[in-house]
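Presented below is the structure to which this report refers.
Counting begins at 1 with the first residue of the sequence.
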Amino acid sequence: MTVREEAHRLLDALPEDRLMDAIGLLRAWAEAEQTARPRRRFRTTASFDGDPDLGTRAKDIVREAWDDQERRSA
């Protein structure tokens, strides 16, 4: 049984007095889907302007910075 078939089966099983509540909920969901703006996709390209191998060299860069600070403070 597909999800759609199960939804139809559940609607058919609802008592008449609860049917309008279910219809209202389904209408609200359907209208929200039709009027909803598409989700924005965030671009990450060109957001960082560093060396291409910065990630692999990160530890070396930090070590060099610390060594340089130790020389200055000593």
R18 meets the salt bridge (Lys or Arg N to Asp or Glu O under 4.0 Å) criterion, sequence neighbours left out, with D21

Review point. Are L19 and W29 joined in one hydrophobic group, where the rule is that I, L, V, M, F, W and Y side chains link up if heavy atoms are under 4.5 Å apart?
Key: yes

For R63, the salt bridge (Lys or Arg N to Asp or Glu O under 4.0 Å) test, sequence neighbours excluded, returns D60

Tell me which donor-acceptor pairs under 3.5 Å the side chains of residues 4-12 have, and how far apart each pair is, sequence neighbours excluded?
from, atom 1, to, atom 2, distance (Å)
E5, OE1, T2, N, 2.9

